[in-house]
Amino acid sequence: QFQLVESGGGLVQTGGSLRLSCGASGYKLALYAVAWFRQAPGKEREKISCINAASGTLQYADSVKGRFTIARDDTKETVYLQMNSLTPEDTAVYYCATDEYYWCSSEKLPNRWGQGTQVTVSS
């Protein structure tokens, strides 16, 4: 059965860093684009980064550009999100998502989502 699992969230001070991981089971993640989204209380879900198969395309939202880096290790079926220079505005639940038809240029949302990992940035 397909499963995406995010990990690496936690509590960090302003200016700190975290690295999130997105792992797959029952799915060859290396073949598909993977996007990172976040949802903060009272805010709309935001697509913050995306990486295509073979790392052919990398996307970043303006809100995270220059601070976050997406990468993948296809031998480990894992996608990472390195988060630097964190601020309280980055506090949210972070999700990775994909499906067999998804590309970073897709307007539709992916269909397969992880359970999310909480990131909290304190002042």
Side-chain angles (χ1 to χ4, degrees):
Q1 188 174 30
F2 175 83
Q3 187 176 23
L4 281 177
V5 179
E6 303 94 338
S7 62
L11 176 64
V12 66
Q13 296 183 56
T14 296
S17 298
L18 289 171
R19 188 177 75 159
L20 306 184
S21 298
C22 174
S25 63
Y27 194 80
K28 191 169 177 58
L29 195 62
L31 296 177
Y32 307 107
V34 177
W36 285 96
F37 295 79
R38 67 185 181 187
Q39 182 97 55
K43 303 291 185 180
E44 294 185 357
R45 180 172 48 197
E46 179 186 20
K47 182 182 179 181
I48 57 171
S49 192
C50 190
I51 186 167
N52 270 339
S55 302
T57 298
L58 280 69
Q59 291 182 345
Y60 299 97
D62 289 342
S63 57
V64 307
K65 191 174 298 182
R67 301 187 297 119
F68 291 10
T69 303
I70 191 169
R72 67 195 309 161
D73 184 343
D74 291 337
T75 65
K76 299 179 180 179
E77 304 289 352
T78 301
V79 174
Y80 303 99
L81 186 68
Q82 179 67 47
M83 309 163 64
N84 298 327
S85 301
L86 288 164
T87 75
E89 287 69 42
D90 296 313
T91 295
V93 178
Y94 285 71
Y95 301 89
C96 64
T98 188
D99 67 48
E100 59 266 47
Y101 303 110
Y102 185 73
W103 293 86
C104 291
S105 59
S106 296
E107 295 183 355
K108 295 180 62 176
L109 292 172
N111 292 322
R112 302 183 184 273
W113 295 72
Q115 84 291 339
T117 186
Q118 176 71 47
V119 172
T120 302
V121 185
S122 63
S123 301

Tell me whether [Y] is reachable from [X] by hopping between hydrophobic residues (I, L, V, M, F, W, Y) whose side-chain heavy atoms are closer than 4.5 Å.
X: Leu11; Y: Leu18; answer: no
X: Tyr32; Y: Ile51; answer: yes
X: Leu31; Y: Ile70; answer: yes

**OP:** Would you indicate whether Trp103, at its atom CH2, is surrounded by more than 12 heavy atoms from other residues, nucleotides or ligands within a distance under 6.0 Å?
**Re:**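 No, the 6.0 Å shell around CH2 holds no more than 12 heavy atoms from other groups.
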List the atom pairs, donor and acceptor, that lie under 3.5 Å between side-chain atoms in residues 116-123 and the rest of the protein, sequence neighbours left out.
unit_1 : atom_1 : unit_2 : atom_2 : d
Thr117 : OG1    : Gly9   : N      : 3.2
Gln118 : NE2    : Ala92  : O      : 3.4
Gln118 : NE2    : Thr120 : OG1    : 3.3

How close do [X] and [Y] get, counting heavy atoms only, and between which atoms?
X: Gln115; Y: Val5; value: OE1-CA, 3.5 Å
X: Arg112; Y: Glu100; value: NE-OE1, 3.6 Å
X: Ala30; Y: Ala53; value: O-CB, 3.9 Å
X: Ser55; Y: Arg72; value: OG-CG, 3.6 Å

Original post:
Sequence neighbours excluded, which residues qualify as side-chain hydrogen bond (donor to acceptor under 3.5 Å, both in side chains) partners of Thr57?
Top reply: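 Testing Thr57 for side-chain hydrogen bond (donor to acceptor under 3.5 Å, both in side chains), a comparison that skips the adjacent residues, returns Asn52.
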**OP:** Carefully, step by step, assess Tyr60 and Thr69 under the rule side-chain contact (heavy atoms from CB on, under 4.5 Å).
**Re:** CA-CA 8 Å; Tyr60 299 97; Thr69 303; 3.8 Å; yes
Are [X] and [Y] packed together at the side-chain level, in the sense that at least one heavy-atom pair is separated by less than 4.5 angstrom?
X: Leu20; Y: Glu6; result: no
X: Phe37; Y: Pro110; result: yes
X: Ser63; Y: Arg38; result: yes
X: Lys108; Y: Tyr101; result: no
X: Glu77; Y: Tyr27; result: no
X: Ile48; Y: Leu81; result: yes
X: Leu4; Y: Leu29; result: yes
X: Tyr94; Y: Met83; result: yes

Subject >> Listed once per pair and sorted, the disulfide bond (SG atoms under 2.5 Å apart) pairs that draw on residues 9-43, sequence neighbours left out >> reply: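 Counting only pairs at least two positions apart or across chains, the disulfide bond (SG atoms under 2.5 Å apart) contacts touching residues 9-43 are Cys22-Cys96.
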Original post:
Side chain of Ser85, backbone of Gly15: donor and acceptor closer than 3.5 Å?
Top reply: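 Not a single qualifying donor-acceptor pair exists.
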Original post:
Are the aromatic ring centres of Phe68 and Trp36 under 6.0 angstrom apart?
Top reply: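 Between Trp36 and Phe68, which both carry aromatic rings, the centre distance is not below 6.0 Å.
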Original post:
Just one of Val79, Val34, Asn111 clears the side chain to side chain contact (heavy atoms under 4.5 Å, CB included) bar with Thr98, so which one?
Top reply: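 Between Thr98 and the candidates, side chain to side chain contact (heavy atoms under 4.5 Å, CB included) is satisfied uniquely by Val34.
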